[in-house]
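Positions are given from 1 along the sequence. Note that the coordinates shown come from a computational prediction; the quantities given were computed from them, not determined experimentally.
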Amino acid sequence: MKLNPSKIVDCTIRDGGLVNNWDFSVEFVQDLYKGLNEAGIEYMEIGYKNSPKLLKGAEAAGPWRFLDDDFLRTVIPQKGTTKLSALVDIGRVAEEDILPREESMLDLIRVACYIKDVDKALQLVQTFHDRGYETTINIMALSNVMENELLEAFELINESVVDVVYIVDSYGSLDYKDMLYLVDKFKTNLPNKRLGVHTHNNMQMAFSNTLVAAEHGVELLDASVYGMGRAAGNCPTELLVTHLKNTKYTLRPVLEMIDKHMIALREKEEWGYIIPYMITGSLDEHPRSAMALRASDDKDNSVDFYDKLTTPEVSFDSSKGNK
Ligand SMILES: C[C@H](O)CC(=O)C(=O)O
């Protein structure tokens, strides 16, 4: 029987860090690495490799926001088969901070960008590739991208060294038909590139969209344990582990992580399918307005929130804020 080519990239620390400002203990991250490794998961995205020099408010964030190789060596002294990945953003990474791969704990560097910055992202990809890393380009907010922009981006990507190109549903607004459309478009236009998918669960479709992508040849599947990720969160790792056929994954170590850490963490921090996130997802918008609502005293007033987002006659009264 042919083994399933899918590979899981667990983003609990990186995307989940957007929920708790990367306030994960070293024990938490070590237990997660151990659990993912025992479960047979191929990659763990252990944070961002952005530079604190290039970001405001850096002091408040946990160490997983600005990964340091010396620190990483103390966290994971013994690496297993699970590879380590880090994400960088355009304009926020200091190239001089990226060691050659043989001196680093990291195996994969992923570059996140919006469509207008694909050229800049590919320049970074070239640098990381030259330093020996596996690379991906993650094109965010694809649900808001025009066809002509995408076709121009494909031309640049085809000429580049990038290993994997990601379909990213940043707003959690895609359904299975949209996902099929995008996978088909990417496969047709990028015949020599491997593909990845990153989903959000605003409309309860992160898992099914990930499966649709996997069934149609997308190889790298992003997920996070207990779905922990920005706003509505991501496709849950445990669901992929238990559901994907012809794989060697084991569920028990992921369940142990959930019992030991995730249940209590979910009591303290909020993520997942919550109505304001459903509303922004269904309107194909970034969830920032819903995140602000959830942080306010008015957090359960979804009717007013919906009215505000769907009323075209917006006025701005500086004494009262946006109406
Ligand atoms: C690079 C990631 O795929 C970006 C992300 O999490 C997003 O939702 O956008």
**Q.** For the student: nearest non-hydrogen atoms of A39 and P253, plus distance
**A.** N-CG, 3.8 Å
Q. Where do D130 and Q126 land on the side chain to side chain donor-acceptor pair (under 3.5 Å) test, with the steps shown first?
A. CA-CA 6 Å; D130 292 345; Q126 181 71 55; 3.0 Å; yes
Q) Which residues pass the side-chain contact (heavy atoms from CB on, under 4.5 Å) test with T247, sequence neighbours left out? A) N4, L244, Y249
**Q.** Other cluster members, L3 - Ile/Leu/Val/Met/Phe/Trp/Tyr, side-chain contacts below 4.5 Å
**A.** none
Q) How would you list, by chain and number, every residue that makes a salt bridge (charged side-chain N to carboxylate O under 4.0 Å, His left out) with D222, sequence neighbours excluded? A) R110
**Q.** Residue pair D119 / Q123, side-chain donor-acceptor N/O under 3.5 Å
**A.** no
Q: Examine distances only and state if a side-chain atom of Y33 and a backbone atom of G80 form a donor-acceptor pair shorter than 3.5 Å.
A: yes
Q.
Looking at D70 and R73, is any side-chain nitrogen of the basic one under 4.0 Å from a carboxylate oxygen of the acidic one?
A. yes
Q. Side chain of H216, backbone of V212: donor and acceptor closer than 3.5 Å?
A. yes
Q | Fellow cluster residues of F66, listed by chain then number, with links counted only when side-chain atoms sit under 4.5 Å apart | A | L55
Q. Any side-chain donor paired with an acceptor under 3.5 Å for N192 and N158?
A. no
Q. Applying the 4.5 Å side-chain criterion to the ILVMFWY set and letting contacts propagate, would I157 and M146 be lumped into a single cluster?
A. no
Q. What are the two closest non-hydrogen atoms of Y133 and L106, and how far apart are they?
A. CE2-O, 3.4 Å
Q. Is a side-chain donor-acceptor pair under 3.5 Å present for D15 with S224?
A. no
Q) Under 6.0 Å from the six-membered ring centre of W64 and within 45° of its axis: does the NZ or CZ of R14 meet both? A) no
**Q.** Qualifying residues under ring pair (Phe, Tyr, Trp, His ring centres under 6.0 Å), relative to Y171, sequence neighbours excluded
**A.** H286
Q: Please determine if E38 and R252 form a salt bridge, counting it only when a charged side-chain N lies under 4.0 Å from a carboxylate O.
A: no
Q. Is the shortest distance from a Lys or Arg side-chain nitrogen in D300 or R294 to a carboxylate oxygen in the other one below 4.0 Å?
A. yes
Q) So, are E134 and R101 salt-bridged, with charged N and O less than 4.0 Å apart? A) yes
(Q) Side chains of H198 and N138 only: does a donor on one sit below 3.5 Å from an acceptor on the other? (A) no
**Q.** Among L174, L221, L211, V183, side chain to side chain contact (heavy atoms under 4.5 Å, CB included) partner for V197
**A.** L221
Q) Is a salt bridge present between E256 and K34, judged by a nitrogen-to-oxygen distance below 4.0 Å? A) no
**Q.** Under 4.5 Å side-chain linkage, directly or through intermediates, the cluster mates of Y43
**A.** V9, L108, Y114, M140, V164, Y166, V168, L220
Q | Exercise: identify the closest heavy-atom pair between A121 and V111 | A | CB-CG1, 3.7 Å
Q.
Tell me if the aromatic rings of F207 and H243 count as close, with their centers under 6.0 Å from one another.
A. yes
Q) Quick one: are D169 and L182 in side-chain contact, heavy atoms under 4.5 Å? A) no
Q | D298 and S296: side chain donor to acceptor below 3.5 Å | A | no
Q. Regarding T199 and N209, is there a side-chain donor-to-acceptor distance under 3.5 Å anywhere?
A. no
